[in-house]
Amino acid sequence: MIFIDEARIFLKAGDGGKGCESFYRDKYMRHPIPDGGDGGKGGNVVFVASRSVQTLLDFKFRQHHKAKKGGNASSNSKKGKIGENCILRVPMGTIIKDAETGLLIRDLVEDGQLIIVAKGGEGGIGNGQKKPSKPPCKGEEKTISLELKLIADVGIVGFPNAGKSTIISNISKVRSKIASYPFTTKQPILGIVENDEDGSSFIIADLPGIIEGAHQGKGIGDRFLRHAERTRILVHAIDMAAEDQRDPLEDYEKLNHELREFSDLLSFKKRILVANKIDLPGAQENLDRFKKKFKDKIFVISALNNVGLDELVREIRDSLCLENSQEKSEE
Ligand SMILES: Nc1nc2c(ncn2[C@@H]2O[C@H](COP(=O)(O)OP(=O)(O)OP(=O)(O)O)[C@@H](O)[C@H]2O)c(=O)[nH]1
Ligand SMILES: [Mg+2]
């Protein structure tokens, strides 16, 4: 399934129903009594965040969404029916913006959180009221954009083929496609890493590879850097064996540059550095060179052979705990 993380849709809330002009009379009455009812209110277009929805795919195929009109009123002070709401379910983490102005309408984060985005029109007022009669109001019309940023605790970033999918597949239950060609991963994949000892867990996102120029839209990774903004920490994977004939030291600098250029949010995020493919020839020499040049702490692993992954998971857990306590103390 293709992962859709953006959609532009058109909303039309229901128009109000017409008020009624009518008079009650019987043979004894000199003056008939006005008894027209009021029109029903039009339905709203409502968005609800739901845990059971994963993508914005449905909105790619259906772009027009309408709520029902309010019913027309009738005589004998009968009100028109209230128009049915149109309820649209979106994944948790969907950002709703007005597509014309670009203004943020709401960021739906929690399961069950809801918001009325287009309001139904008020029904017309009939002549049965003391108030003057009024025509019904139109329901609001809006063009909005939806944007989904995945909510994961950890994001794995790195050049294509660095072994990101191999890492996630070996530390969580998710199976992300692994292959020796670049851009195997085309959409973010989420995996849950559980801790059997205390029942805690964290969510990790496998992201498509990032290449030089990603912040300017090169490759496919840039779209997904946005997802990385929402994670609390990043795991930066480097192919230390240089299987694709790039220099791992340069890879490290280039990726840092891409993250920095993309946003401050990304470049200041806590990062865990990982040297992968240490089992392959040449990897150790590259690692020695790397350590001489950069003083950053680096986890040495072979994702393929499951070497060093337990230590990596422990480090991720500790870092998340630390981030948690820092966030709490800032509140
Ligand atoms: N020898 C060795 N090969 C590895 C290791 N980790 C991954 N590979 C291989 O490297 C290739 C790329 O691995 P992936 O996990 O698909 O890499 P990726 O970073 O997800 O790649 P993209 O999704 O294309 O960005 C595959 O052929 C893996 O089998 C490792 O530790 N040692
Ligand atoms: Mg991959």
Side-chain angles (χ1 to χ4, degrees), residues 1-3 5 150 152 154-193 203-215 217-228 231 233-259 262 266 271-288 290-291 298-316:
M1 189 176 64
I2 313 162
F3 185 87
D5 62 347
L150 289 174
V154 187
I156 314 184
V157 293
F159 270 74
N161 268 335
K164 302 177 294 298
S165 301
T166 312
I167 296 175
I168 198 172
S169 299
N170 283 343
I171 65 173
S172 74
K173 291 197 182 88
V174 75
R175 291 292 155 264
S176 188
K177 188 175 173 192
I178 296 167
S180 59
Y181 53 84
F183 300 117
T184 308
T185 306
K186 292 193 174 58
Q187 63 190 64
I189 310 257
L190 295 186
I192 300 177
V193 183
I203 298 179
I204 185 160
D206 181 20
L207 299 170
I210 288 161
I211 57 170
E212 216 179 335
H215 71 275
K218 284 223 179 111
I220 56 171
D222 68 305
R223 242 154 52 82
F224 300 103
L225 282 173
R226 252 186 290 127
H227 297 303
T231 63
I233 59 177
L234 296 177
V235 168
H236 179 165
I238 299 172
D239 170 5
M240 219 24 107
E243 268 203 307
D244 288 354
Q245 271 77 48
R246 287 185 317 266
D247 181 15
L249 282 69
E250 269 176 34
D251 273 11
Y252 179 54
E253 282 175 332
K254 280 181 183 157
L255 203 117
N256 275 340
H257 176 75
E258 292 307 322
L259 298 181
F262 190 80
L266 271 187
R271 226 175 301 161
I272 298 174
L273 199 53
V274 168
N276 190 27
K277 307 196 187 181
I278 200 65
D279 56 290
L280 289 179
Q284 189 58 49
E285 290 76 37
N286 284 335
L287 180 65
D288 294 340
F290 193 97
K291 281 186 169 164
I298 187 159
F299 280 78
V300 182
I301 66 167
S302 165
L304 188 69
N305 301 323
N306 220 333
V307 173
L309 290 179
D310 287 346
E311 289 79 4
L312 176 62
V313 168
R314 213 168 301 133
E315 173 72 12
I316 294 174

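Indexing begins at 1, ligand by ligand and atom by atom, following the structure's order.
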Would you name the heavy atoms of [X] and [Y] that are closest together and state the gap between them?
X    : Y    : value
D279 : S302 : OD1-OG, 2.8 Å
I204 : I168 : O-CD1, 3.5 Å
A237 : K164 : CB-CG, 4.2 Å

Atoms of ligand 1, numbered as shown, that sit under 4.0 Å from any heavy atom of [X]:
X    : result
S180 : 27 (O)
Y181 : 24 (O)
G209 : 25 (O)

**Study point:** Metal proximity, T166 vs the Mg ion (ligand 2), N/O/S cut-off 2.8 Å
**Key:** no
Exercise for review: Mark yes or no for whether N276, through its side chain, and A303, through its backbone, hold a donor-acceptor pair below 3.5 Å.
Suggested key: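 Here the side-chain-to-backbone pair exists.
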Between [X] and ligand 1, does any nitrogen or oxygen pair lie at a separation below 3.5 Å?
X    : value
L280 : no
A303 : yes
N276 : yes

Review point. Given the rule in the side-chain contact (heavy atoms from CB on, under 4.5 Å) test, do D239 and F159 qualify, once you have shown the distances and angles that lead to the verdict?
Key: CA-CA 8 Å; D239 170 5; F159 270 74; over 6 Å; no
What residue and heavy atom of the protein are closest to [atom], and at what distance?
atom                    : answer
atom 11 (C) of ligand 1 : A179 O, 3.7 Å
atom 30 (C) of ligand 1 : L304 CB, 3.3 Å
atom 28 (C) of ligand 1 : I178 CG2, 3.7 Å
atom 10 (O) of ligand 1 : K277 NZ, 3.1 Å
atom 15 (O) of ligand 1 : T166 OG1, 2.5 Å
atom 17 (O) of ligand 1 : G163 N, 3.2 Å
atom 25 (O) of ligand 1 : K164 NZ, 2.9 Å
atom 23 (O) of ligand 1 : T185 OG1, 2.8 Å

Only one of [options] passes side-chain contact (heavy atoms from CB on, under 4.5 Å) with [X]; say which it is.
X    : options                : value
I301 : I167, I278, V307, D310 : I167
V157 : T231, L255, V235, L266 : L255
D206 : I189, T166, I178       : I189

Distance (rounded to the nearest 0.5 Å) between [X] [atom1] and [Y] [atom2]:
X    : Y    : atom1 : atom2 : answer
N170 : N306 : CG    : CG    : 5.0 Å
H257 : K254 : NE2   : NZ    : 10.5 Å
I233 : E315 : CD1   : CD    : 8.0 Å

Review point. Any heavy atom of A162 sitting closer than 4.0 Å to ligand 1?
Key: yes
Point to revise | ligand 1 versus D279: contacting region, heavy-atom distance under 4.0 Å | key: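 For D279, the contact with ligand 1 is made by the side chain alone.
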